[in-house]
Amino acid sequence: MKRHTFFAAFFAVFLIAVSGASSAFAAETSSKPFAEKHVVLQISDEDPFKQTLVLNVANNLIKHYGPDKVDIEIVAFGPGLRLLFSDNANRGRIGDLSQQGVRFAACENTIANMSRILGEEPVLNDKAVRVSAGVVRILDLEADGYTLIRP
Amino acid sequence: MLKAKRLAGAMALALGMAAAGQVQAANWVMLQGTEADGMGERAKLWGFLQPTYRSTDGTVLPAGPWEGQPMQPNMIPTDLSSDSQFQLLRARIGVRGVAMPIDSKVNYFLLAEFGDNGITAGKGGAGVISDASVTLNHIPGARVRLGLFKTPMSEEIFQGVGTMDYVNFTAFTDQQLNERHLPTDGLAPCNAAADDAYLRYCEEGNTFSDFGAARDTGAMVFDAFRRGDWEHTYAVMLGNGSGVNAGNTDDNLDTRAYWSSEWIFGGQGPRREGWKLYAWMHDGKRTVLDSVQLAAGNRVENEYDYERSGVGTTYRRGKYRFFAEYNQAEGMIFNGTDGGAVAGSVNNAGTAVSTLNLLPEDKANGYYLDFGYKITPKVELDVRYDVLNRGTETDVEERKFETVTLGAQYFFNRKSRLIVNYEMRDLEAPNLPANAVPNQIGEAIDDRLSVQVFMVF
(Lines give C-alpha, C1' and ligand atoms only; values in the text may rest on other atoms or scores of the structure.)
Protein backbone atom coordinates (compact mmCIF):
# COMPACT_ATOMS: atom_id res chain seq x y z
CA MET A 1 0.00 0.00 0.00
CA LYS A 2 2.78 2.31 0.92
CA ARG A 3 4.49 1.42 -2.31
CA HIS A 4 1.31 2.30 -4.28
CA THR A 5 1.05 5.64 -2.55
CA PHE A 6 4.68 6.41 -3.33
CA PHE A 7 4.28 5.60 -7.03
CA ALA A 8 1.04 7.56 -7.29
CA ALA A 9 2.68 10.60 -5.73
CA PHE A 10 5.73 10.24 -7.95
CA PHE A 11 3.54 9.93 -11.05
CA ALA A 12 1.52 12.99 -10.12
CA VAL A 13 4.67 15.09 -9.59
CA PHE A 14 6.06 13.81 -12.89
CA LEU A 15 2.91 14.77 -14.77
CA ILE A 16 2.87 18.25 -13.30
CA ALA A 17 6.54 18.75 -14.12
CA VAL A 18 6.18 17.52 -17.69
CA SER A 19 3.07 19.53 -18.45
CA GLY A 20 4.68 22.69 -17.03
CA ALA A 21 7.86 22.27 -19.03
CA SER A 22 6.30 21.31 -22.33
CA SER A 23 3.87 24.17 -22.62
CA ALA A 24 5.05 27.58 -21.68
CA PHE A 25 1.81 28.92 -23.14
CA ALA A 26 -0.44 26.96 -20.77
CA ALA A 27 -0.68 29.70 -18.20
CA GLU A 28 -0.93 32.45 -20.82
CA THR A 29 -3.76 30.68 -22.61
CA SER A 30 -5.76 30.75 -19.47
CA SER A 31 -5.17 34.48 -19.13
CA LYS A 32 -8.13 35.01 -21.44
CA PRO A 33 -10.82 33.23 -19.47
CA PHE A 34 -13.59 35.10 -21.25
CA ALA A 35 -12.40 34.37 -24.77
CA GLU A 36 -15.16 33.04 -26.98
CA LYS A 37 -13.00 32.49 -30.03
CA HIS A 38 -9.67 30.69 -30.13
CA VAL A 39 -7.60 31.20 -33.26
CA VAL A 40 -4.17 30.01 -34.34
CA LEU A 41 -2.61 31.91 -37.26
CA GLN A 42 0.08 30.22 -39.33
CA ILE A 43 2.96 32.13 -40.94
CA SER A 44 5.33 29.91 -42.87
CA ASP A 45 5.79 31.82 -46.17
CA GLU A 46 8.83 33.70 -47.42
CA ASP A 47 6.65 36.41 -48.98
CA PRO A 48 6.96 39.50 -46.76
CA PHE A 49 3.43 40.53 -47.69
CA LYS A 50 2.22 37.50 -45.72
CA GLN A 51 3.86 38.93 -42.62
CA THR A 52 1.82 42.08 -42.95
CA LEU A 53 -1.28 40.07 -43.73
CA VAL A 54 -1.07 37.79 -40.70
CA LEU A 55 -0.61 40.78 -38.40
CA ASN A 56 -3.52 42.53 -40.08
CA VAL A 57 -5.73 39.49 -39.53
CA ALA A 58 -4.82 39.37 -35.84
CA ASN A 59 -5.51 43.06 -35.51
CA ASN A 60 -8.85 42.77 -37.29
CA LEU A 61 -9.92 39.89 -35.07
CA ILE A 62 -9.16 41.95 -31.97
CA LYS A 63 -10.99 44.94 -33.36
CA HIS A 64 -14.04 42.84 -34.17
CA TYR A 65 -14.34 40.71 -31.05
CA GLY A 66 -12.46 42.82 -28.54
CA PRO A 67 -9.18 41.81 -26.92
CA ASP A 68 -10.83 39.84 -24.10
CA LYS A 69 -13.14 37.86 -26.32
CA VAL A 70 -10.62 36.42 -28.75
CA ASP A 71 -7.56 34.32 -27.96
CA ILE A 72 -4.94 34.44 -30.73
CA GLU A 73 -1.64 32.68 -31.17
CA ILE A 74 0.59 33.25 -34.20
CA VAL A 75 2.82 30.28 -34.95
CA ALA A 76 5.87 30.98 -37.14
CA PHE A 77 7.95 28.29 -38.77
CA GLY A 78 9.94 27.77 -41.96
CA PRO A 79 10.67 31.00 -43.87
CA GLY A 80 7.86 32.63 -41.91
CA LEU A 81 10.04 32.65 -38.81
CA ARG A 82 11.58 35.90 -40.15
CA LEU A 83 8.52 37.64 -38.71
CA LEU A 84 9.91 36.95 -35.25
CA PHE A 85 13.48 38.10 -35.86
CA SER A 86 14.37 40.84 -33.39
CA ASP A 87 15.11 43.40 -36.12
CA ASN A 88 12.04 42.67 -38.23
CA ALA A 89 10.45 45.88 -39.49
CA ASN A 90 7.14 44.76 -37.93
CA ARG A 91 8.53 44.56 -34.42
CA GLY A 92 6.52 47.60 -33.36
CA ARG A 93 3.26 45.98 -34.44
CA ILE A 94 4.27 42.73 -32.77
CA GLY A 95 4.80 44.63 -29.54
CA ASP A 96 1.39 46.29 -29.82
CA LEU A 97 -0.38 43.00 -30.51
CA SER A 98 1.45 41.30 -27.67
CA GLN A 99 0.16 43.95 -25.29
CA GLN A 100 -3.34 42.97 -26.39
CA GLY A 101 -2.70 39.35 -25.53
CA VAL A 102 -1.62 37.93 -28.87
CA ARG A 103 1.02 35.21 -28.40
CA PHE A 104 3.86 34.44 -30.79
CA ALA A 105 5.35 30.96 -31.12
CA ALA A 106 8.71 30.30 -32.78
CA CYS A 107 9.58 26.86 -34.12
CA GLU A 108 12.72 25.36 -32.57
CA ASN A 109 13.32 23.12 -35.59
CA THR A 110 13.39 26.15 -37.88
CA ILE A 111 15.68 28.02 -35.50
CA ALA A 112 18.08 25.07 -35.55
CA ASN A 113 18.07 24.91 -39.35
CA MET A 114 18.60 28.65 -39.74
CA SER A 115 21.37 28.58 -37.16
CA ARG A 116 23.18 25.96 -39.21
CA ILE A 117 22.90 28.09 -42.37
CA LEU A 118 23.78 31.38 -40.72
CA GLY A 119 26.54 30.03 -38.53
CA GLU A 120 24.85 31.58 -35.52
CA GLU A 121 21.42 31.52 -33.97
CA PRO A 122 19.11 34.28 -35.19
CA VAL A 123 18.14 36.76 -32.50
CA LEU A 124 14.42 36.52 -31.84
CA ASN A 125 11.91 39.12 -30.78
CA ASP A 126 11.53 39.07 -27.01
CA LYS A 127 7.82 38.45 -27.46
CA ALA A 128 8.50 35.12 -29.19
CA VAL A 129 8.21 31.90 -27.19
CA ARG A 130 9.96 28.84 -28.51
CA VAL A 131 8.00 25.68 -29.23
CA SER A 132 9.59 22.40 -30.21
CA ALA A 133 7.90 22.29 -33.61
CA GLY A 134 5.56 24.81 -35.20
CA VAL A 135 3.39 22.21 -36.88
CA VAL A 136 3.01 20.21 -33.69
CA ARG A 137 2.04 23.38 -31.85
CA ILE A 138 -0.69 24.03 -34.41
CA LEU A 139 -2.00 20.44 -34.10
CA ASP A 140 -2.05 20.70 -30.33
CA LEU A 141 -3.94 23.96 -30.43
CA GLU A 142 -6.42 22.57 -32.94
CA ALA A 143 -6.95 19.62 -30.62
CA ASP A 144 -7.70 22.15 -27.89
CA GLY A 145 -10.42 23.71 -30.02
CA TYR A 146 -8.49 26.44 -31.80
CA THR A 147 -9.40 27.31 -35.39
CA LEU A 148 -6.44 27.33 -37.77
CA ILE A 149 -6.26 30.22 -40.22
CA ARG A 150 -3.47 30.50 -42.77
CA PRO A 151 -3.76 33.93 -44.45
CA MET B 1 42.26 68.85 -46.09
CA LEU B 2 38.94 70.60 -45.83
CA LYS B 3 37.25 67.61 -47.40
CA ALA B 4 38.91 65.27 -44.94
CA LYS B 5 37.71 67.42 -42.04
CA ARG B 6 34.17 67.52 -43.38
CA LEU B 7 34.20 63.78 -43.87
CA ALA B 8 35.58 63.17 -40.41
CA GLY B 9 32.95 65.47 -38.93
CA ALA B 10 30.16 63.68 -40.69
CA MET B 11 31.48 60.31 -39.63
CA ALA B 12 31.81 61.41 -36.01
CA LEU B 13 28.25 62.67 -36.07
CA ALA B 14 27.09 59.44 -37.63
CA LEU B 15 28.79 57.24 -35.08
CA GLY B 16 27.47 59.43 -32.29
CA MET B 17 23.96 58.92 -33.57
CA ALA B 18 24.57 55.22 -33.90
CA ALA B 19 24.70 54.88 -30.16
CA ALA B 20 21.09 55.94 -30.03
CA GLY B 21 19.85 53.08 -32.17
CA GLN B 22 18.58 52.79 -35.68
CA VAL B 23 15.27 52.70 -37.45
CA GLN B 24 14.09 51.21 -40.69
CA ALA B 25 11.91 54.08 -41.75
CA ALA B 26 11.12 55.25 -45.22
CA ASN B 27 13.05 58.06 -46.82
CA TRP B 28 14.97 58.24 -50.11
CA VAL B 29 18.35 57.33 -48.69
CA MET B 30 16.83 54.34 -46.92
CA LEU B 31 14.23 53.39 -49.52
CA GLN B 32 16.78 53.22 -52.31
CA GLY B 33 19.59 51.72 -50.30
CA THR B 34 18.04 49.11 -48.02
CA GLU B 35 15.37 46.45 -47.69
CA ALA B 36 13.07 46.39 -44.69
CA ASP B 37 14.63 44.25 -41.96
CA GLY B 38 13.30 40.71 -41.96
CA MET B 39 11.00 41.46 -44.88
CA GLY B 40 13.24 41.59 -47.96
CA GLU B 41 12.47 39.31 -50.85
CA ARG B 42 15.03 37.09 -52.51
CA ALA B 43 14.41 38.86 -55.84
CA LYS B 44 11.68 41.43 -56.17
CA LEU B 45 11.05 42.22 -59.82
CA TRP B 46 10.07 45.84 -60.37
CA GLY B 47 10.27 48.69 -62.83
CA PHE B 48 8.37 51.54 -64.43
CA LEU B 49 7.37 52.94 -67.80
CA GLN B 50 6.91 56.56 -68.89
CA PRO B 51 5.48 56.95 -72.38
CA THR B 52 5.65 60.69 -73.02
CA TYR B 53 4.59 63.31 -75.55
CA ARG B 54 6.27 66.70 -75.62
CA SER B 55 5.71 69.61 -77.95
CA THR B 56 6.72 73.22 -78.56
CA ASP B 57 5.89 75.65 -81.38
CA GLY B 58 9.28 74.91 -82.90
CA THR B 59 10.24 78.57 -83.22
CA VAL B 60 13.55 78.86 -85.08
CA LEU B 61 16.52 81.01 -84.13
CA PRO B 62 15.64 84.64 -84.87
CA ALA B 63 19.21 85.97 -84.94
CA GLY B 64 22.88 85.07 -84.87
CA PRO B 65 25.08 82.86 -87.05
CA TRP B 66 22.51 80.02 -87.01
CA GLU B 67 19.52 82.29 -87.74
CA GLY B 68 16.59 80.39 -89.19
CA GLN B 69 17.81 77.03 -87.91
CA PRO B 70 16.14 74.97 -85.15
CA MET B 71 16.64 76.39 -81.67
CA GLN B 72 18.00 73.84 -79.25
CA PRO B 73 15.61 74.61 -76.31
CA ASN B 74 12.63 74.35 -78.65
CA MET B 75 13.52 70.83 -79.76
CA ILE B 76 12.65 67.65 -77.90
CA PRO B 77 15.56 65.74 -76.36
CA THR B 78 17.36 63.50 -76.66
CA ASP B 79 17.85 63.47 -80.44
CA LEU B 80 16.62 67.07 -80.89
CA SER B 81 15.30 66.25 -84.34
CA SER B 82 11.73 67.41 -83.85
CA ASP B 83 9.69 69.97 -81.93
CA SER B 84 6.90 67.44 -81.25
CA GLN B 85 7.57 63.89 -80.30
CA PHE B 86 6.20 60.75 -78.69
CA GLN B 87 8.87 58.83 -76.86
CA LEU B 88 9.49 56.32 -74.14
CA LEU B 89 11.19 58.73 -71.75
CA ARG B 90 12.03 56.07 -69.20
CA ALA B 91 11.59 52.30 -69.29
CA ARG B 92 13.34 50.59 -66.43
CA ILE B 93 13.27 47.11 -65.09
CA GLY B 94 15.23 45.65 -62.24
CA VAL B 95 15.41 43.36 -59.27
CA ARG B 96 16.22 44.12 -55.68
CA GLY B 97 16.15 42.27 -52.40
CA VAL B 98 18.18 40.09 -50.10
CA ALA B 99 19.96 37.21 -51.75
CA MET B 100 19.50 35.17 -48.58
CA PRO B 101 16.17 36.09 -46.96
CA ILE B 102 17.09 34.88 -43.48
CA ASP B 103 19.99 37.35 -43.48
CA SER B 104 18.68 40.90 -43.90
CA LYS B 105 22.11 42.38 -43.50
CA VAL B 106 23.12 42.10 -47.16
CA ASN B 107 20.87 43.81 -49.74
CA TYR B 108 21.22 44.39 -53.45
CA PHE B 109 19.67 46.72 -56.05
CA LEU B 110 19.89 46.26 -59.82
CA LEU B 111 18.15 48.41 -62.44
CA ALA B 112 18.50 48.78 -66.21
CA GLU B 113 17.32 51.62 -68.45
CA PHE B 114 15.77 50.98 -71.88
CA GLY B 115 14.13 54.39 -72.42
CA ASP B 116 15.14 57.38 -74.52
CA ASN B 117 17.12 59.71 -72.29
CA GLY B 118 20.61 60.82 -71.38
CA ILE B 119 21.50 57.48 -69.80
CA THR B 120 20.98 55.60 -73.05
CA ALA B 121 21.95 58.39 -75.46
CA GLY B 122 24.80 57.29 -77.67
CA LYS B 123 24.63 53.70 -76.38
CA GLY B 124 23.11 52.34 -79.61
CA GLY B 125 19.67 51.75 -78.17
CA ALA B 126 20.81 48.90 -75.95
CA GLY B 127 19.79 48.68 -72.33
CA VAL B 128 22.14 50.32 -69.88
CA ILE B 129 22.69 49.32 -66.25
CA SER B 130 21.77 52.48 -64.35
CA ASP B 131 22.05 51.08 -60.82
CA ALA B 132 23.90 48.11 -59.39
CA SER B 133 24.76 48.16 -55.72
CA VAL B 134 25.20 46.05 -52.61
CA THR B 135 24.35 47.35 -49.15
CA LEU B 136 25.95 45.96 -46.00
CA ASN B 137 23.93 46.58 -42.83
CA HIS B 138 26.28 45.05 -40.29
CA ILE B 139 27.44 48.15 -38.40
CA PRO B 140 24.73 49.85 -36.35
CA GLY B 141 24.44 53.46 -37.48
CA ALA B 142 26.82 53.04 -40.40
CA ARG B 143 25.36 51.07 -43.24
CA VAL B 144 27.60 50.82 -46.28
CA ARG B 145 26.41 50.92 -49.89
CA LEU B 146 28.86 50.03 -52.67
CA GLY B 147 28.52 50.17 -56.44
CA LEU B 148 26.63 52.36 -58.91
CA PHE B 149 23.61 54.16 -57.47
CA LYS B 150 21.72 57.41 -57.17
CA THR B 151 23.56 59.89 -54.97
CA PRO B 152 21.90 61.88 -52.17
CA MET B 153 21.44 65.48 -53.28
CA SER B 154 18.65 67.81 -54.43
CA GLU B 155 15.29 66.25 -53.60
CA GLU B 156 14.02 66.99 -57.08
CA ILE B 157 16.46 64.65 -58.77
CA PHE B 158 17.25 62.32 -55.87
CA GLN B 159 13.65 61.29 -55.21
CA GLY B 160 12.30 58.16 -56.84
CA VAL B 161 10.90 58.68 -60.31
CA GLY B 162 7.59 57.35 -59.00
CA THR B 163 6.91 60.52 -57.01
CA MET B 164 8.12 63.07 -59.56
CA ASP B 165 5.19 65.42 -59.98
CA TYR B 166 6.40 66.94 -63.26
CA VAL B 167 7.58 65.55 -66.57
CA ASN B 168 10.62 67.82 -66.89
CA PHE B 169 13.20 68.95 -64.37
CA THR B 170 13.64 72.58 -63.35
CA ALA B 171 16.21 74.47 -65.42
CA PHE B 172 18.88 74.37 -62.68
CA THR B 173 18.54 70.63 -62.15
CA ASP B 174 18.42 69.89 -65.86
CA GLN B 175 21.49 71.96 -66.68
CA GLN B 176 23.67 72.03 -63.59
CA LEU B 177 22.83 68.87 -61.61
CA ASN B 178 22.11 66.38 -64.38
CA GLU B 179 25.75 66.51 -65.37
CA ARG B 180 26.94 66.08 -68.94
CA HIS B 181 30.55 64.99 -68.94
CA LEU B 182 32.03 66.82 -71.91
CA PRO B 183 35.40 66.02 -73.50
CA THR B 184 36.43 69.68 -73.94
CA ASP B 185 35.50 73.02 -72.45
CA GLY B 186 33.95 74.05 -75.77
CA LEU B 187 35.29 77.58 -75.41
CA ALA B 188 37.04 77.69 -78.79
CA PRO B 189 34.72 77.81 -81.78
CA CYS B 190 34.67 74.76 -83.97
CA ASN B 191 35.42 76.12 -87.41
CA ALA B 192 36.36 74.46 -90.64
CA ALA B 193 39.91 75.74 -90.48
CA ALA B 194 40.59 74.08 -87.14
CA ASP B 195 43.01 71.26 -86.66
CA ASP B 196 41.72 67.83 -87.72
CA ALA B 197 42.07 66.45 -84.22
CA TYR B 198 39.86 69.17 -82.84
CA LEU B 199 37.31 68.70 -85.60
CA ARG B 200 36.79 65.19 -84.38
CA TYR B 201 35.44 66.67 -81.17
CA CYS B 202 33.25 69.03 -83.18
CA GLU B 203 31.65 66.45 -85.43
CA GLU B 204 29.14 65.35 -82.85
CA GLY B 205 28.82 68.80 -81.36
CA ASN B 206 30.85 67.75 -78.33
CA THR B 207 28.31 65.11 -77.45
CA PHE B 208 28.65 64.27 -73.79
CA SER B 209 30.92 61.34 -73.21
CA ASP B 210 29.15 60.27 -70.03
CA PHE B 211 25.94 61.23 -68.32
CA GLY B 212 25.55 61.93 -64.64
CA ALA B 213 21.87 61.10 -64.08
CA ALA B 214 22.49 61.89 -60.38
CA ARG B 215 24.43 58.66 -60.11
CA ASP B 216 27.97 57.64 -59.38
CA THR B 217 30.07 54.60 -58.65
CA GLY B 218 31.54 54.59 -55.18
CA ALA B 219 30.98 53.85 -51.51
CA MET B 220 28.46 55.49 -49.21
CA VAL B 221 28.07 55.32 -45.43
CA PHE B 222 24.58 56.19 -44.23
CA ASP B 223 21.73 55.53 -41.83
CA ALA B 224 18.56 56.99 -40.37
CA PHE B 225 17.61 57.48 -36.73
CA ARG B 226 14.19 57.98 -35.18
CA ARG B 227 13.71 60.37 -32.27
CA GLY B 228 10.03 60.52 -31.35
CA ASP B 229 8.25 62.02 -34.34
CA TRP B 230 11.55 63.11 -35.94
CA GLU B 231 13.72 61.08 -38.24
CA HIS B 232 17.30 62.15 -38.93
CA THR B 233 19.26 60.80 -41.88
CA TYR B 234 22.85 61.19 -42.97
CA ALA B 235 24.93 59.99 -45.90
CA VAL B 236 28.60 60.47 -46.77
CA MET B 237 29.99 59.23 -50.05
CA LEU B 238 33.19 58.91 -52.04
CA GLY B 239 32.80 58.26 -55.75
CA ASN B 240 34.45 58.40 -59.13
CA GLY B 241 32.48 61.48 -60.14
CA SER B 242 31.94 60.06 -63.59
CA GLY B 243 28.23 59.36 -63.77
CA VAL B 244 26.61 56.23 -65.13
CA ASN B 245 28.82 53.34 -66.16
CA ALA B 246 32.05 55.27 -66.37
CA GLY B 247 35.32 54.63 -64.62
CA ASN B 248 37.30 57.32 -62.90
CA THR B 249 38.49 59.55 -65.73
CA ASP B 250 41.18 61.18 -63.61
CA ASP B 251 42.86 60.58 -60.27
CA ASN B 252 40.27 62.55 -58.32
CA LEU B 253 37.41 61.26 -56.21
CA ASP B 254 34.24 63.23 -55.52
CA THR B 255 32.97 63.79 -51.98
CA ARG B 256 29.31 64.06 -51.15
CA ALA B 257 27.47 64.67 -47.88
CA TYR B 258 23.76 64.79 -47.11
CA TRP B 259 21.66 65.45 -44.06
CA SER B 260 17.90 65.51 -43.54
CA SER B 261 15.62 65.85 -40.54
CA GLU B 262 11.96 65.09 -40.96
CA TRP B 263 9.03 65.56 -38.68
CA ILE B 264 6.86 62.58 -39.59
CA PHE B 265 3.12 63.14 -39.54
CA GLY B 266 2.14 59.62 -40.59
CA GLY B 267 1.98 57.06 -43.33
CA GLN B 268 4.92 55.29 -44.88
CA GLY B 269 6.78 54.80 -48.14
CA PRO B 270 7.42 57.31 -50.89
CA ARG B 271 4.44 59.52 -50.10
CA ARG B 272 4.85 59.48 -46.34
CA GLU B 273 3.47 62.66 -44.80
CA GLY B 274 5.91 64.92 -43.04
CA TRP B 275 7.94 68.10 -43.02
CA LYS B 276 11.55 67.63 -44.05
CA LEU B 277 14.55 69.94 -43.97
CA TYR B 278 17.70 68.92 -45.78
CA ALA B 279 21.09 70.12 -46.99
CA TRP B 280 23.64 68.55 -49.30
CA MET B 281 27.02 69.22 -50.86
CA HIS B 282 29.11 67.70 -53.62
CA ASP B 283 32.78 68.53 -54.20
CA GLY B 284 34.93 67.19 -56.98
CA LYS B 285 37.35 67.95 -59.77
CA ARG B 286 36.85 67.59 -63.48
CA THR B 287 39.50 67.30 -66.17
CA VAL B 288 38.68 68.46 -69.70
CA LEU B 289 40.68 69.24 -72.81
CA ASP B 290 41.55 72.87 -73.45
CA SER B 291 39.63 73.57 -76.65
CA VAL B 292 41.79 76.59 -77.60
CA GLN B 293 44.93 74.46 -77.37
CA LEU B 294 43.18 71.58 -79.10
CA ALA B 295 42.20 73.84 -81.99
CA ALA B 296 45.88 74.78 -82.28
CA GLY B 297 46.87 71.11 -82.42
CA ASN B 298 47.99 70.74 -78.80
CA ARG B 299 46.42 68.27 -76.41
CA VAL B 300 46.33 70.03 -73.05
CA GLU B 301 44.11 68.99 -70.16
CA ASN B 302 42.90 71.42 -67.52
CA GLU B 303 41.52 70.58 -64.10
CA TYR B 304 38.63 72.54 -62.61
CA ASP B 305 36.60 72.47 -59.43
CA TYR B 306 33.14 70.96 -59.58
CA GLU B 307 31.09 72.09 -56.59
CA ARG B 308 27.36 71.78 -56.06
CA SER B 309 25.33 72.33 -52.91
CA GLY B 310 21.85 73.14 -51.75
CA VAL B 311 19.23 73.35 -49.05
CA GLY B 312 15.55 72.59 -49.24
CA THR B 313 12.34 71.61 -47.57
CA THR B 314 9.41 69.36 -48.35
CA TYR B 315 5.99 69.38 -46.74
CA ARG B 316 3.34 66.79 -47.46
CA ARG B 317 0.12 66.50 -45.50
CA GLY B 318 -3.36 65.51 -46.60
CA LYS B 319 -4.37 67.36 -49.74
CA TYR B 320 -1.37 69.67 -49.70
CA ARG B 321 2.29 69.44 -50.58
CA PHE B 322 4.91 72.17 -50.79
CA PHE B 323 8.53 71.80 -51.87
CA ALA B 324 11.23 74.48 -52.06
CA GLU B 325 14.94 74.37 -52.81
CA TYR B 326 17.88 76.68 -53.28
CA ASN B 327 20.92 75.25 -55.04
CA GLN B 328 24.21 76.66 -56.22
CA ALA B 329 27.00 75.56 -58.51
CA GLU B 330 30.63 76.59 -58.78
CA GLY B 331 32.84 75.43 -61.63
CA MET B 332 32.05 73.42 -64.74
CA ILE B 333 28.89 75.40 -65.42
CA PHE B 334 26.94 73.92 -68.30
CA ASN B 335 26.51 76.76 -70.79
CA GLY B 336 24.23 75.51 -73.53
CA THR B 337 25.25 75.57 -77.18
CA ASP B 338 26.83 78.04 -79.57
CA GLY B 339 24.20 80.43 -80.87
CA GLY B 340 21.43 78.44 -79.20
CA ALA B 341 21.59 76.01 -82.14
CA VAL B 342 21.27 72.25 -81.95
CA ALA B 343 24.72 70.89 -81.11
CA GLY B 344 26.43 69.59 -84.21
CA SER B 345 24.70 71.92 -86.68
CA VAL B 346 26.80 74.04 -89.04
CA ASN B 347 26.21 77.79 -89.13
CA ASN B 348 24.74 79.54 -92.16
CA ALA B 349 28.17 80.67 -93.35
CA GLY B 350 29.46 77.12 -93.21
CA THR B 351 32.32 78.15 -90.98
CA ALA B 352 31.44 76.81 -87.53
CA VAL B 353 29.79 73.88 -85.80
CA SER B 354 27.66 74.49 -82.72
CA THR B 355 28.88 72.60 -79.67
CA LEU B 356 27.90 72.03 -76.06
CA ASN B 357 29.81 74.49 -73.89
CA LEU B 358 31.09 74.98 -70.38
CA LEU B 359 32.04 77.94 -68.25
CA PRO B 360 34.74 76.06 -66.31
CA GLU B 361 35.34 78.69 -63.63
CA ASP B 362 32.00 80.43 -63.40
CA LYS B 363 29.03 80.06 -61.05
CA ALA B 364 25.30 79.48 -61.15
CA ASN B 365 22.43 79.37 -58.72
CA GLY B 366 18.78 78.56 -58.81
CA TYR B 367 15.69 77.88 -56.79
CA TYR B 368 12.16 76.63 -57.09
CA LEU B 369 8.87 76.82 -55.27
CA ASP B 370 6.46 73.98 -55.91
CA PHE B 371 2.91 73.66 -54.65
CA GLY B 372 0.45 70.82 -55.15
CA TYR B 373 -3.17 70.48 -54.06
CA LYS B 374 -5.44 67.47 -54.45
CA ILE B 375 -8.88 68.68 -55.44
CA THR B 376 -10.19 65.11 -55.33
CA PRO B 377 -8.53 61.83 -54.26
CA LYS B 378 -7.71 61.21 -57.94
CA VAL B 379 -6.79 64.69 -59.19
CA GLU B 380 -3.90 66.91 -58.10
CA LEU B 381 -3.21 70.39 -59.44
CA ASP B 382 0.40 71.60 -59.38
CA VAL B 383 2.25 74.83 -59.95
CA ARG B 384 6.01 75.35 -59.90
CA TYR B 385 8.11 78.47 -60.30
CA ASP B 386 11.80 77.98 -60.97
CA VAL B 387 14.76 80.22 -61.69
CA LEU B 388 18.26 79.50 -62.98
CA ASN B 389 20.92 82.20 -62.95
CA ARG B 390 23.74 80.87 -65.11
CA GLY B 391 27.21 82.36 -65.53
CA THR B 392 26.75 84.89 -62.78
CA GLU B 393 30.45 85.87 -62.69
CA THR B 394 30.61 86.99 -66.32
CA ASP B 395 28.34 89.80 -67.46
CA VAL B 396 28.15 88.84 -71.12
CA GLU B 397 27.59 85.18 -70.36
CA GLU B 398 25.00 85.55 -67.63
CA ARG B 399 21.58 84.11 -68.49
CA LYS B 400 18.44 84.00 -66.44
CA PHE B 401 15.95 81.19 -67.05
CA GLU B 402 12.54 81.68 -65.48
CA THR B 403 9.82 79.05 -65.80
CA VAL B 404 6.28 78.71 -64.49
CA THR B 405 4.93 75.18 -64.84
CA LEU B 406 1.24 74.44 -64.53
CA GLY B 407 0.46 70.80 -63.94
CA ALA B 408 -2.32 68.33 -63.35
CA GLN B 409 -2.11 64.71 -62.32
CA TYR B 410 -4.82 62.11 -62.58
CA PHE B 411 -4.21 59.03 -60.45
CA PHE B 412 -5.68 55.94 -62.13
CA ASN B 413 -4.63 53.98 -59.06
CA ARG B 414 -1.69 53.90 -56.65
CA LYS B 415 0.60 52.56 -59.35
CA SER B 416 -0.27 54.64 -62.39
CA ARG B 417 -1.18 58.19 -63.27
CA LEU B 418 -1.41 60.74 -66.04
CA ILE B 419 0.69 63.93 -65.84
CA VAL B 420 -0.01 67.01 -67.96
CA ASN B 421 2.36 70.00 -67.81
CA TYR B 422 2.45 73.36 -69.51
CA GLU B 423 5.70 75.27 -69.06
CA MET B 424 5.83 79.02 -69.65
CA ARG B 425 9.50 79.65 -70.25
CA ASP B 426 11.47 82.89 -70.29
CA LEU B 427 15.14 83.45 -71.01
CA GLU B 428 17.11 86.67 -70.89
CA ALA B 429 20.66 87.96 -70.80
CA PRO B 430 20.19 90.49 -68.00
CA ASN B 431 23.43 92.41 -68.58
CA LEU B 432 23.03 92.85 -72.34
CA PRO B 433 20.83 95.30 -74.26
CA ALA B 434 17.34 94.14 -75.13
CA ASN B 435 18.19 93.99 -78.81
CA ALA B 436 21.40 92.01 -78.34
CA VAL B 437 21.42 88.64 -80.14
CA PRO B 438 21.21 86.55 -76.92
CA ASN B 439 18.13 88.48 -75.84
CA GLN B 440 16.55 88.10 -79.27
CA ILE B 441 17.16 84.37 -79.02
CA GLY B 442 15.80 84.35 -75.48
CA GLU B 443 12.59 85.97 -76.73
CA ALA B 444 12.14 83.02 -79.09
CA ILE B 445 12.10 80.33 -76.43
CA ASP B 446 8.75 78.53 -76.62
CA ASP B 447 6.37 77.31 -74.01
CA ARG B 448 6.33 73.52 -73.79
CA LEU B 449 3.49 71.03 -73.43
CA SER B 450 4.24 67.64 -71.90
CA VAL B 451 1.88 64.71 -71.41
CA GLN B 452 3.02 61.53 -69.73
CA VAL B 453 1.60 58.30 -68.39
CA PHE B 454 3.55 56.83 -65.51
CA MET B 455 3.18 53.24 -64.43
CA VAL B 456 5.24 51.38 -61.85
CA PHE B 457 5.03 47.64 -61.32
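No experiment lies behind these values; they were computed from the predicted model shown. To find a chain, count down the sequence lines: A is the first, B the second, and so on, and within it residues start at 1.
Atom OH of B/Y320 has 12 or fewer heavy atoms from other residues, nucleotides or ligands within 6.0 Å. The environment of B/W230 atom CH2 is dense: over 12 non-hydrogen atoms of other residues, nucleotides or ligands sit within 6.0 angstrom. Taking a 6.0 Å sphere around CZ of B/F457, one finds it holds more than 12 heavy atoms contributed by other residues, nucleotides or ligands. Counting heavy atoms of neighbouring residues, nucleotides and ligands inside a 6.0 Å radius, atom CZ of B/F265 exceeds 12 of them. With a 6.0 Å radius and a threshold of 12 heavy atoms from other residues, nucleotides or ligands, B/K374 has its NZ atom above the threshold.
Taking chain B as the reference chain and counting heavy-atom pairs below 4.5 Å, the highest number among A/L81, A/T52, A/N88, A/L84 is found for A/N88.
Atom CG of A/L118 and atom CE of B/M100 lie 4.5 Å apart (nearest 0.5 Å). How far CD of A/Q51 is from CE of B/M39: 5.0 Å, rounded to the nearest 0.5 Å. In this structure, A/D47 CG and B/R42 CZ are separated by 12.0 Å, a value rounded to the nearest 0.5 Å.
A/D87 approaches B/D37 most closely through the heavy-atom pair O-CB, 2.7 Å.
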